[in-house]
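Here the structure comes first, spelled out in structure tokens, and everything after it is commentary.
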Amino acid sequence: MSMQPEPDLNPGDEADPGTPGAGEDVCEACAGSGKLSDGRPCSNCGGSGKVMRGIGGG
């Protein structure tokens, strides 16, 4: 049993932070601004402007 808390993932994340073969990418929903066109925080990235994407190939 792990004592580390589960990381908070946003809907746009494909992997947990620190996962081998994954890295940060610009959120396509808000173009990296963290806000939508109406000024609300982006729900896809949680307002960070970044999402975790799989970058490794196999």
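Nothing fancy with the numbering, it's 1 onward along the sequence. Just so you know, these numbers come straight off a predicted model, no measurement behind them.
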Non-hydrogen atoms of Pro17 and Leu9 that approach each other most closely: CD-CD2, 4.0 Å
Any chance you could measure Asp25, atom CG, to Met52, atom CE, to the nearest 0.5 Å? 10.0 Å
Here the gap from Cys27 atom SG to Asn10 atom CG, rounded to the nearest 0.5 Å, amounts to 8.5 Å
Who passes side chain to side chain contact (heavy atoms under 4.5 Å, CB included) against Ser43, sequence neighbours left out? none
Results of side chain to side chain contact (heavy atoms under 4.5 Å, CB included) for Glu28 - residues two or more places apart only: Asn44, Arg53
Distance-only criterion, 3.5 Å: show the donor-acceptor pairs between side-chain atoms of residues 30-40 and protein atoms not counting sequence neighbours.
residue: Ser33; atom: OG; partner: Cys30; partner atom: O; Å: 3.0
residue: Ser33; atom: OG; partner: Lys35; partner atom: N; Å: 3.1
residue: Ser33; atom: OG; partner: Lys35; partner atom: O; Å: 2.9
residue: Asp38; atom: OD1; partner: Arg40; partner atom: N; Å: 3.1
residue: Asp38; atom: OD1; partner: Arg40; partner atom: NE; Å: 3.3
residue: Asp38; atom: OD2; partner: Arg40; partner atom: NE; Å: 2.6
residue: Asp38; atom: OD2; partner: Arg40; partner atom: NH2; Å: 3.0

Glu24: what forms a side chain to side chain donor-acceptor pair (under 3.5 Å) with it, not counting sequence neighbours? none
Check salt bridge (Lys or Arg N to Asp or Glu O under 4.0 Å) between Asp13 and all other residues, then give those that pass, not counting sequence neighbours. none
